[in-house]
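The structure appears below as structure tokens.
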Amino acid sequence: MSEEKKQLEVLSEEEFETFVENAIDAFEEKVQKNEYIDEIEEFFQLLEKANRWDDLTYYIEEDQLKLPSESSYWMWKIKVAIQNEQFKQVEAWLVHENVIAALGMDKVLECTLLCEKEKNRFTQAEVEKLQQLSERLKKDEPLTEEQNDYMATTLMLMQTPLKWTVIEAFLMSPLTQLFWKGFLIECWLTDGKTSKIRYYDAFSEKVVEVDQSEVVSVYDHPVFVEIERLIDTQNALEEEMKELLLQKAQSDFLRVSPFIDRYFSDGAEWIEEQLQRENLLLSLYENDETFIRTLKA
């Protein structure tokens with residue numbers, strides 16, 4: 001591969017792509033014969049040059065191929081994680097004693113700077129997209145399910161303090177779906193930097209201020225924990241029904257968060273109500289208006 005590497009700069013884009021594909025095929029053959037260790041570093045460098053991060057992710061995370069040294073292993077593992085926007089994981093690795101010993105401080109610094117660079121690039125691009133979604137809400141244009149999912153996932157990954165301003169904007173909008181509001185409340189409880197946040201309460205139809213000290217995570221709430229325990233001990237229920245009940249519980253509790261105590265106080269009563277429904281699965285997909293009307297009844 002070394003001789004061919006010298007000629008890469010003069011290849012056209014199409015020729016380079018063909019070269020990379022041929023290199024992958026050749027490397028796969030060596031993997032099958034367990035004769036790849038001497039070429040893996042140079043091969044990974046080629047994939048990096050070609051921006052073939054999906055392939056690198058596969059070799060590092062799925063195939064778990066061996067590398068010549070601990071230093072090489074951690075460099076590629078960290079590079080792949082950065083490209084996959086796993087910034088928190090990378091930051092945790094870079095302060096670990098074993099990783100520092102394997103890489104040395106010069107490479108730890110290199111990885112730290114690379115992480116910050118990519119994190120900022122990711123943040124800027126995503127902030128712009130989130131602002132576009134926020135503008136839609138301001139124009140009374142509700143988000144699609146796909147856009148809600150994108151919004152929640154992106155905010156969870158973002159590292160900048162700006163994310164809390166964006167989260168509050170979505171929480172204050174009457175058009176953000178209740179399930180995703182609950183998801184964002186969970187993010188705030190876990191990583192939030194402010195003790196209070198403003199929230200549009202769809203049940204009372206007004207903006208209220210929520211104090212973090214007065215809110216408990218859905219998954220730690222005593223009634224939700226009771227429901228989990230009761231479902232688990234219901235031997236008469238099939239596993240599929242148990243799983244459906246757990247999904248319904250998570251959905252219901254996220255939808256009323258951060259005001260769970262107002263609407264759910266008895267786990268056994270909640271389970272009995274769900275089992276009496278004509279179509280429990282369909283109730284998972286009822287819109288917020290129907291959900292609110294049912295709870296208020």
Side-chain angles (χ1 to χ4, degrees), residues 8-9 20 40-135 147-171 180 183-195 197 212:
L8 293 183
E9 299 301 327
V20 173
I40 189 170
E41 186 74 37
E42 193 171 355
F43 175 66
F44 277 11
Q45 289 171 8
L46 174 64
L47 294 181
E48 180 181 24
K49 181 180 178 66
N51 285 318
R52 298 288 290 261
W53 291 102
D54 286 345
D55 291 305
L56 279 166
T57 298
Y58 173 77
Y59 288 126
I60 294 290
E61 302 297 341
E62 302 295 331
D63 242 10
Q64 297 184 346
L65 298 181
K66 294 181 180 179
L67 281 117
S69 66
E70 277 289 299
S71 176
S72 178
Y73 166 78
W74 279 110
M75 278 297 291
W76 287 111
K77 190 172 181 67
I78 287 170
K79 283 184 177 182
V80 163
I82 289 173
Q83 289 298 320
N84 290 325
E85 297 161 358
Q86 298 169 347
F87 304 123
K88 281 190 176 181
Q89 178 63 76
V90 171
E91 289 167 353
W93 285 335
L94 290 174
V95 295
H96 198 282
E97 184 177 337
N98 291 344
V99 178
I100 295 173
L103 289 175
M105 285 308 299
D106 56 336
K107 290 185 178 178
V108 168
L109 178 58
E110 178 186 339
C111 290
T112 300
L113 293 175
L114 178 62
C115 183
E116 286 300 315
K117 177 183 176 183
E118 293 301 319
K119 183 166 65 175
N120 291 335
R121 180 181 303 168
F122 165 76
T123 298
Q124 182 59 34
E126 300 308 319
V127 164
E128 291 175 2
K129 292 177 185 177
L130 288 170
Q131 286 173 336
Q132 292 172 5
L133 295 181
S134 180
E135 288 301 316
Q147 288 171 329
N148 273 295
D149 181 65
Y150 171 83
M151 172 268 296
T153 304
T154 300
L155 286 170
M156 183 174 64
L157 290 171
M158 281 176 63
Q159 305 295 309
T160 172
L162 287 172
K163 72 185 277 184
W164 302 111
T165 302
V166 180
I167 282 178
E168 188 170 62
F170 281 104
L171 288 175
W180 295 111
F183 181 90
L184 294 178
I185 287 291
E186 289 294 315
C187 290
W188 174 59
L189 291 174
T190 303
D191 297 317
K193 307 302 180 185
T194 59
S195 60
I197 200 164
Q212 200 173 59

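Bear in mind the structure is a predicted one, so any value in this text is a computation, not a measurement. Sequence positions, counted from 1, serve as the residue numbers for this chain.
- Every residue two or more places apart in sequence or in another chain was checked for a salt bridge (charged side-chain N to carboxylate O under 4.0 Å, His left out) with Glu41, and none qualifies.
- With sequence neighbours excluded, the residues forming a side chain to side chain contact (heavy atoms under 4.5 Å, CB included) with Gln147 are Leu133, Arg136, Leu143, Thr144, listed by chain and number.
- Qualifying side chain to side chain contact (heavy atoms under 4.5 Å, CB included) partners for Glu118, counting only residues two or more places apart in sequence or in other chains: Ile82, Gln83, Phe87, Leu114, Arg121.
- Partners of Asn148 by side-chain hydrogen bond (donor to acceptor under 3.5 Å, both in side chains), not counting sequence neighbours: none found.
- The minimum heavy-atom distance linking Leu67 with Ile60 is given by the pair CD1-CD1, 4.2 Å.
- To the nearest 0.5 Å, atoms OG (Ser72) and CZ (Phe44) are separated by 8.0 Å.
- Between the side chain of Thr57 and the backbone N or O of Trp53, at least one donor-acceptor pair lies under 3.5 Å.
- Contact detail for Ile40 and Lys66: the closest heavy-atom pair is CD1-O, 3.3 Å.
- Considering only residues two or more places apart in sequence or on other chains, Lys107 meets the salt bridge (charged side-chain N to carboxylate O under 4.0 Å, His left out) condition with none of them.
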Please evaluate residues Trp93 and Ile78 with respect to the criterion side chain to side chain contact (heavy atoms under 4.5 Å, CB included), reporting the C-alpha separation (whole Å), side-chain torsions for both, the decisive distance (0.1 Å), and the verdict. CA-CA 8 Å; Trp93 285 335; Ile78 287 170; 3.8 Å; yes
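- Under the side-chain hydrogen bond (donor to acceptor under 3.5 Å, both in side chains) criterion, Tyr73 pairs with no residue, sequence neighbours left out.
- Applying the side chain to side chain contact (heavy atoms under 4.5 Å, CB included) criterion to Asp54, with sequence neighbours excluded, gives no partner residue.
- Among all heavy-atom pairs drawn from Leu184 and Ala152, the shortest one is CD2-CA, 4.5 Å.
- Residues satisfying the side chain to side chain contact (heavy atoms under 4.5 Å, CB included) criterion with Glu186, sequence neighbours excluded, are Leu189, Ser217, Val218, Tyr219, Leu254.
- With sequence neighbours excluded, the residues satisfying salt bridge (charged side-chain N to carboxylate O under 4.0 Å, His left out) with Glu61 are Lys77.
- With a 4.5 Å cut-off on side-chain heavy atoms, Lys119 and Glu85 do not count as touching.
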Please walk me through it: do Tyr59 and Trp76 pass side chain to side chain contact (heavy atoms under 4.5 Å, CB included)? CA-CA 10 Å; Tyr59 288 126; Trp76 287 111; over 6 Å; no
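- In terms of the ring pair (Phe, Tyr, Trp, His ring centres under 6.0 Å) criterion, Trp188 has no residue partners (sequence neighbours excluded).
- Contact record, Glu48 with Leu56: N-CD1, 3.9 Å, taken as the closest heavy-atom pair.
- Side-chain contact between Asp191 and Lys88 is present, with at least one heavy-atom pair separated by less than 4.5 Å.
- For the atom pair SG of Cys111 and CD1 of Ile100, the computed distance is 11.5 Å after rounding to the nearest 0.5 Å.
- In this structure, the ring pair (Phe, Tyr, Trp, His ring centres under 6.0 Å) partners of Phe183, at least two apart in sequence or on a different chain, are Trp180.
- Residues meeting the salt bridge (charged side-chain N to carboxylate O under 4.0 Å, His left out) test with Glu70, sequence neighbours left out: none.
- Here the closest non-hydrogen pair linking Leu103 and Ser71 is CD2-O, 3.5 Å.
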